Number of protein chains: 2
Amino acid sequence: MNLVLNDGSPDLSENQKLVMDLLERKSGPLSAYMILDELRDSGFRAPLQVYRALEKLISIGKVHRVESLSAFIACSHMSCEKLGVTAFVICDKCENVQEVSDESISLFVTDLAIKTKMKAAKSNIELHGLCDGCQNI
Amino acid sequence: MNLVLNDGSPDLSENQKLVMDLLERKSGPLSAYMILDELRDSGFRAPLQVYRALEKLISIGKVHRVESLSAFIACSHMSCEKLGVTAFVICDKCENVQEVSDESISLFVTDLAIKTKMKAAKSNIELHGLCDGCQNI
DNA sequence: ACAAAATAGTTATAGTATAACATAACATAC
DNA sequence: GTATGTTATGTTATACTATAACTATTTTGT
Ligand SMILES: [Zn+2]
Ligand SMILES: [Zn+2]
Ligand SMILES: [Zn+2]
Ligand SMILES: [Zn+2]
């Protein structure tokens, strides 16, 4: 029995908290092995510890995998737990990643699913290019 | 001097042709190592032969990389050489992949780039789920 | 306390991709 | 035709990403 009054977000294990905190501190995308290296001092020894924590964090929408970077990033919205449809906009020069989550994105995904007769489960939308700052250098 | 009247598509090397032909024959996505295995009889020995051929084929728009599958697929449009903006719709059950390329997709990408002040270079749009056929089984 | 179930640790291995260097093929210039 | 620079290829080794299989520990309900 788990009689705790909370906001509905599930409790995280120690490892999950460590990974979550790290991703929030860094704010940018990190590979699983970067995470492993950063957390060695906290007791991490093997990739699986990272991947298992990530699996959980991804499943509850607190972390996203950026496919084209093979990297993981903290959700910047507090909300992907519910919506789940976001796009990532990635500057190939400064490596900044913005997470975009608005009506137009979910609408686009919905339309695409209808048009292709798919029951959509998951989407990856990633845009690469040069950010505002990096265009003018 | 290369005095050949052609349609403008660049000549492909032997290795590039072998990879291209294979991807067209199979029509579905193949990993680089599947390609390597299929082409051993044609003289391929090492991953780099595959990756180098793929790099060229991708650069001219005849092949796409499906990020979320770490796999490669022949372009189904004859046209990505010019447009370049497509979406992939992937059934997680039967593994069928549709390539979708229309106005609404390029419009979406253009809008997203403007909204985020990005000079877009490349987009990955991938939708996973169940295709029409696989929903009713 | 005990059994069942979930969580975590460990070792080994599979799968994906590139670096670094050696070789060969092809073109242009002398 | 030989030299020279350039591009394409081949080869070996290695880096990076991810999971399988198994063991040990902790947690939970009875
Ligand atoms: Zn998010
Ligand atoms: Zn930038
Ligand atoms: Zn295409
Ligand atoms: Zn299907």
Side-chain angles (χ1 to χ4, degrees), chain A residues 1-4 10-23 28-60 62-73 92 95 122 124 126 128, chain B residues 1-4 9-23 28-60 62-73 90 92 95 122 124 126 128:
Chain A
M1 182 98 90
N2 196 339
L3 261 189
V4 181
D11 293 338
L12 298 179
S13 76
E14 195 54 31
N15 284 358
Q16 290 157 11
K17 269 187 245 167
L18 285 165
V19 171
M20 191 69 236
D21 288 353
L22 176 65
L23 285 172
L30 293 178
S31 78
Y33 282 74
M34 288 181 208
I35 294 171
L36 176 58
D37 282 342
E38 295 274 353
L39 294 180
R40 278 193 202 282
D41 293 343
S42 310
F44 275 54
R45 319 300 316 277
L48 217 52
Q49 294 173 283
V50 177
Y51 282 107
R52 287 210 271 234
L54 287 171
E55 181 180 32
K56 172 72 174 189
L57 294 168
I58 289 168
S59 78
I60 62 177
K62 289 176 121 26
V63 167
H64 301 293
R65 183 173 198 277
V66 185
E67 299 290 342
S68 59
L69 301 177
S70 294
F72 304 87
I73 190 167
D92 291 326
E95 298 184 313
K122 187 173 170 290
N124 314 14
E126 298 169 15
H128 283 259
Chain B
M1 181 97 91
N2 197 339
L3 261 187
V4 181
S9 55
D11 293 338
L12 297 180
S13 75
E14 195 53 32
N15 284 358
Q16 290 156 12
K17 267 186 247 167
L18 286 166
V19 172
M20 191 70 237
D21 288 353
L22 175 65
L23 284 172
L30 293 178
S31 78
Y33 281 74
M34 288 181 207
I35 294 171
L36 176 58
D37 282 342
E38 295 274 352
L39 294 180
R40 278 192 202 282
D41 293 343
S42 309
F44 276 54
R45 320 297 316 275
L48 218 51
Q49 294 174 284
V50 177
Y51 282 107
R52 288 209 271 234
L54 287 171
E55 182 181 31
K56 172 71 174 189
L57 294 169
I58 289 168
S59 78
I60 61 177
K62 287 176 123 24
V63 168
H64 302 293
R65 182 175 199 275
V66 185
E67 300 289 344
S68 58
L69 300 178
S70 294
F72 305 87
I73 190 167
I90 301 149
D92 292 326
E95 298 184 313
K122 185 172 171 291
N124 309 72
E126 299 170 13
H128 283 258

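It should be emphasised that the depicted structure is a prediction, and the values quoted were computed from it without experimental measurement. Labels below follow one simple rule: chain letters A, B, ... track the order of the sequence lines, proteins then strands, and each chain is numbered from 1.
With rounding to whole Å, A:Leu36 atom CG is found 12 Å from C:dG9 atom P. If you take CD of B:Glu14 and C1' of D:dT7, they are 17 Å apart, rounded to a whole angstrom. To the nearest angstrom, C1' of D:dT27 lies 17 Å from CG of A:Leu12. Regarding B:Leu30, its CG atom lies at a distance of 15 Å from the P atom of C:dG15, rounded to whole Å. For B:Lys56 and D:dT9, the NZ to P distance is 10 Å, given to the nearest whole Å. Atom P of nucleotide D:dT17 and atom CG of B:Leu69 are separated by 18 Å, given to the nearest angstrom. Between A:Glu67 atom CD and C:dT16 atom P there is a gap of 13 Å when expressed in whole angstrom units. Atom pair A:Gln16:CD and C:dA6:P shows a separation of 15 Å (rounding to whole Å applied).
Partners of A:Asp37 according to the side chain to side chain contact (heavy atoms under 4.5 Å, CB included) rule, which considers only residues two or more places apart in sequence or in another chain, are A:Arg40. For A:Ala71, the side chain to side chain contact (heavy atoms under 4.5 Å, CB included) partners two or more places apart in sequence, or in a different chain, are A:Pro29, A:Leu69. In this view, A:Lys122 and A:Asn124 satisfy the side chain to side chain donor-acceptor pair (under 3.5 Å) rule, not counting sequence neighbours. For B:Ser59, the side chain to side chain contact (heavy atoms under 4.5 Å, CB included) partners at least two apart in sequence or on another chain are B:Lys56.
Each of A:Met34 and B:Asn15 was assigned the nucleotide of DNA chain D with the nearest heavy atom; the assignment lying further toward the 5' end belongs to B:Asn15.
Atoms CG and CG, on B:Leu39 and B:Asn15 in that order, are 8.5 Å from each other to the nearest 0.5 Å. Interatomic distance, A:Met34 CE to A:Leu36 CG, rounded to the nearest 0.5 Å: 12.0 Å.
Side chain of A:Ser70, nearest nucleotide from C:dT16, C:dA8, D:dT17: D:dT17. Counting only heavy atoms from C-beta on, A:Ser13 has its side chain closest to C:dT7 among D:dT17, D:dA8, C:dT7.
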Report all side-chain donor-acceptor pairs from residues 41-48 of chain B shorter than 3.5 Å, counting only partners two or more places apart or in another chain.
none

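Evaluation of A:Tyr33 against the base of D:dT17 yields a stacking contact (centre distance < 5.5 Å, interplanar angle < 30°).
For DNA chain C, the residues of residues 44-55 of chain B within the heavy-atom distance limit of 4.0 Å (strictly under) are B:Leu48, B:Tyr51, sorted by number.
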